[in-house]
Amino acid sequence: MTATHYLDQARTAAEGLRESSLKERLAELALLRQRIDQRREDIAEQVMAETGKCRTDALVSEIMGSLDYLHWLNKAAPAVLADEKVSTPIALMGKASRIWHEALGTVLIITPWNYPLHIALTAIAPAFAAGNAVILKPSEHTPLKGLLESLVADLPLLSSALQIAYGDGDTARALIDARPDKICFTGSAATGKAILAQAAPLLIPVDLELGGKDAMLVFDDVDLHRTSAGALWGAFTNAGQSCTSVEALYVQRPLYRDMVATLAQQLDALIVNEGDAGDADIGAMTTDFQCDIVEAQLEDARKKGAQIHGGGRIAGTRLLRPALVTEVTPDMLLMQQETFGPVLPVLAFDNEAEAIRQVNNSGFGLSASVWSKDLDRAARVARALRVGAVSINNVMLTEGNPALPFGGVGASGSGRVKGAEGLRGMTRSKAVLIDKQHGKLEANWYPYTREKYRLFGQLISGLSGKGLAALLRFARAGLQLESHAQKPRRNP
Amino acid sequence: MKLSRYDYIIVGSGAGGGVLAFHLARAGKRVLMLEAGQRWQPRDYPDNELDASARLMWSGGVEPSQDASLMLMRGRTLGGGTVINQCLLDRFDDIALDDWAARSGLDSFSETAMGRHYDAVEADLSLQSIPESDWNGNARIYADGFDRLGYRRAPLRRGQSRCDVAGGNDCMRCLGGCPRASKQSTAATFLPRAEELGLEIITGCHIHGVVHGSAGVTVYGQVGREQVQFFAARCVLAAGTLGSSRILMNSGLGDALPALGKGFFCHPQFVTFARYAEPVDAHRGSFQALKSDDPRFRAAGFKLENVFMGPVAAAYLLPGGARAHQRLMRDYRHLACIEVAVRDVTPGRLSLSRGGQLRIHKSLGAPERKRAREGLKIIRDIYRVTGATEVAQAPTGIGLHLMGGCAQGLHRDSSVVNPEFAVHGMPRLHVVDGSLFPSAPGINPSLTIMALAHRAAEALLGGAQAPAGISRSVPADAAEVSA
């Protein structure tokens, strides 16, 4: 099937969806949720087989995260997508104003290989809920072939609204050229730029969820054990292949040495394996090329003087032992590029301002976390960080709440998914003003006369003035304008 | 940085692990052996029972069952139990194997089907029957008593190569590490040969658990205070009944394996001393030279062993307080000793405490007490007819030959390990040690553990000579030769 076919079909499906109600669409999403829940072990198996994830990552991030989102969507969508009444100014007295949140039509969703189910579902579901037809182009590394099709098979609206186009970058390019109404891309900054460039002359709006070099800032008043455990989870969950993985841990200097020791000890206890039964901590990397990137960054750091605790690839597998990196300097690749693997560089900082500066200088700006007993300080630092999300005294947790928007700043992309903002992102607002049928002409219509001009002047003064006198002036000018407007230009 | 991925990791180096390691290494496999104990040069083994217990055994030598009715002993040294046992290497008879076949559903448990495996391991060992010329006074009393009372006895077959009793060797260290490398422990036999073939061994490595995956098994534990983790296409637990069961339970596999830790057996042993007017010198030469070979004993579920021990162990086992004890100790050279070893039929159970400590639920049941009483009566008869002046019964029972807990069999509800030696549902995780035993055989288990290890090697290597009568529950995996 060619890209044009996909789009033609999507446009037809989008037309069809106009006949459906939000309630009907949400009912199908609720059934989808049930189905995912019932089949969660099968789904976990397929996700594990294609990604190398350990079972707990597959269950919690991919399945539980998706179910959570669908649950939220079902509850939140009626309010978020409802027609809105907005106030109408006094000058437009007697009229009503509305905002309708309408479907865009066709949405092309291009997903990466790190969370093939979660990222796909949290884009497909809001797009569909809002009334769009969706074309999903999953990563060729983790296509999950047949999974979504089987999950929606007997849901009439969803199965006609969702098409999945398997393929690589060429497939994506062809689909973009066929002019979907919106593109939602999650993936690398390089591919994001290419997509934006291709979409620009076609005037297709693009949401970009790109990578990060996410920082964790730890002040010296924290609980060492919990904070270290949080850092390791944040850095190594999904084998570090999360856009919001902790990729730089900044620790206030008085705590630095103890924290590194605690991290090393906790890291040594993390168990690496794939195809486990829920008992491995860190699964395999999904692709060989990502293993190579991680290993090359570690080798580069080692050469430039870094101390590496752990690390290494188990021969003949894509299993990487997690690595803690100290003696880190800015010239190291792992401080300049996204690593996307189980590597945690730990740096020391002396004061708040310096730490904020270091984080804001990374170029990326996806998420961050701030850890301190002093919540005022934590909030102050959180506001100063140029990122799209901050967890305070926790890590990667904004993603845990489907009501919160997700998206980055700068090289980490633009646009938001999830939350009300993400759902609205699958719509365009239509402004509506409603007047009644009657015989009166509007004051601002023709003819323009010197008298009308003078009265408008008085009206504006009344509008911008203060007090009862101003109001009276406004009312009098209004009434005079109204009556003046009904008169035709005098023809002597 | 490349981290090793072994073809096999073997946890434990005793009768099961040692033999298996040799055969896997000989087949060209890359094998890592992890042993909790230390490696000893023969001349450096402790020269007394107290130090030997403390340094070559788990928990310093004795681990009590929950009700403290039995003191259990197990090796913790390179070579495992084969370093601290007497190395009595007898084949099982059909009385033992028929019971296994019935419990496990495997007709490969028979003298005939096991014969090939016994042949194979015996060919790699030096086995000697103790000649009458090597008898000490204790053996002579034992023989005399048996003959007078009309019971059948037989010379003992032992794994040894150069004890040189005739030349006057009197080292008394059979139950600790053998300083002459005569005793056929795996440390003296299979392990050095396997190391020549490339086996890697890490000692002092205490394993906490395993994680079975689709590409292999992660084995984790610690060496000293350092946490370690190793990876192999397959892992074989050969850590003994208590060790292998503990590792599986600690890995959280209890729910998946309902039979895990159940069917724990041992051979409870009760030692009786007798004092003779003339010196017996039971410590001389071969500690053990004879065994009971009477079908009536076998049918009654016990055997009598012609044993002795060094003064430290004797002091532990001799009854009485202060003066009485001192008097018996002073007469150490005048003491004879026979023990009754009971074929256990009351299954015990192994569990973990909340803190991960192994709990051994094992009581002496009525059948074991009855069997012990029958044996003790005969021992007293022997002492009586041979002119003992005094008989002294050891106050504690000792549990040797720890078996079961990971029984081999066809069904998950009644066994843990399948006929291919893989844990049910986990094709890359294996158990090869005494924990496979479906019941207590009433015969010293070492040789049979070795024979099972030989059979396991065939199963793991996917050899054409698959053991007869085995239903292949996971044929594809068993035939797979790991990369």
Side-chain angles (χ1 to χ4, degrees), chain A residues 44-56 58 261 263-285 291-292 294-303 306 308-323 325 342-343, chain B residues 1-9 29-30 32 200 205-235 247-257 260 356 422-429 477 480-483:
Chain A
E45 286 288 342
Q46 191 174 353
V47 168
M48 288 167 74
E50 294 195 18
T51 59
K53 270 176 213 280
C54 65
R55 187 174 295 269
T56 307
L263 287 166
Q265 200 185 15
Q266 291 181 352
L267 178 143
D268 287 343
L270 296 177
I271 290 159
V272 176
N273 205 346
E274 64 177 309
D276 63 310
D279 39 5
D281 297 304
I282 301 175
M285 301 291 286
C291 290
D292 294 342
V294 172
E295 292 209 284
Q297 287 195 8
L298 281 175
E299 192 46 42
D300 167 80
R302 195 191 313 275
K303 275 190 196 140
I308 298 171
H309 177 91
R313 179 175 181 176
I314 295 166
T317 71
R318 287 187 193 134
L319 294 168
L320 299 183
R321 290 288 303 272
V325 189
V343 175
Chain B
M1 184 170 63
K2 279 275 173 286
L3 304 173
S4 292
R5 177 178 189 260
Y6 293 90
D7 295 326
Y8 290 91
I9 287 172
K29 298 298 174 191
R30 190 157 177 226
L32 173 67
E200 294 173 45
C205 180
H206 182 60
I207 296 307
H208 300 315
V210 294
V211 172
H212 184 269
S214 54
V217 182
T218 307
V219 181
Y220 59 95
Q222 59 192 93
V223 175
R225 294 177 66 181
E226 188 195 351
Q227 302 174 89
V228 293
Q229 191 171 132
F230 303 99
F231 197 84
R234 289 157 183 266
C235 171
I247 291 168
L248 290 176
M249 288 189 283
N250 201 45
S251 304
L253 300 178
D255 291 343
L257 301 168
L260 177 60
V423 172
H424 289 304
M426 280 165 254
R428 290 161 205 85
L429 180 61
D477 194 77
E480 166 199 318
V481 177
S482 54

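No experiment lies behind these values; they were computed from the predicted model shown. Every chain is numbered from 1 and lettered A, B, ... according to where its sequence line falls, protein lines coming before strand lines.
- The structure places CZ of A:R313 at 12.0 Å from CZ of B:R5, a figure rounded to the nearest 0.5 Å.
- When A:D268, A:I314, A:L298 are compared by the number of non-hydrogen pairs under 4.5 Å with chain B, A:I314 comes out ahead.
- Across every non-hydrogen atom of B:Q227 and A:A269, the tightest pair is OE1-CB, 3.1 Å.
- The two residues B:T218 and A:V272 have their closest heavy-atom pair at OG1-O, 2.5 Å.
- No more than 12 heavy atoms of other residues, nucleotides or ligands sit less than 6.0 Å from atom NZ of A:K303.
- Contacts between A:A280 and chain B at a heavy-atom distance below 4.5 Å involve backbone atoms as well as side-chain atoms.
- Of the two parts of B:V217, only the backbone, made up of N, CA, C and O, holds a non-hydrogen atom closer than 4.5 Å to a non-hydrogen atom of chain A.
- Taken from CD in B:Q229 to CG in A:L270, the straight-line distance is 8.0 Å, to the nearest 0.5 Å.
- Within the 4.5 angstrom heavy-atom criterion, atoms from both the backbone and the side chain of A:E274 approach chain B.
- Contacts between B:S4 and chain A at a heavy-atom distance below 4.5 Å involve the backbone alone (N, CA, C, O).
- Chain B forms the most heavy-atom pairs under 4.5 Å with one residue out of A:E295, A:R321, A:M48, and that residue is A:R321.
- Residue A:E299 does not touch chain B at all, counting heavy-atom pairs closer than 4.5 Å.
- Comparing A:D276, A:D279, A:I308 by how many heavy-atom pairs each has under 4.5 Å with chain B, the most go to A:D279.
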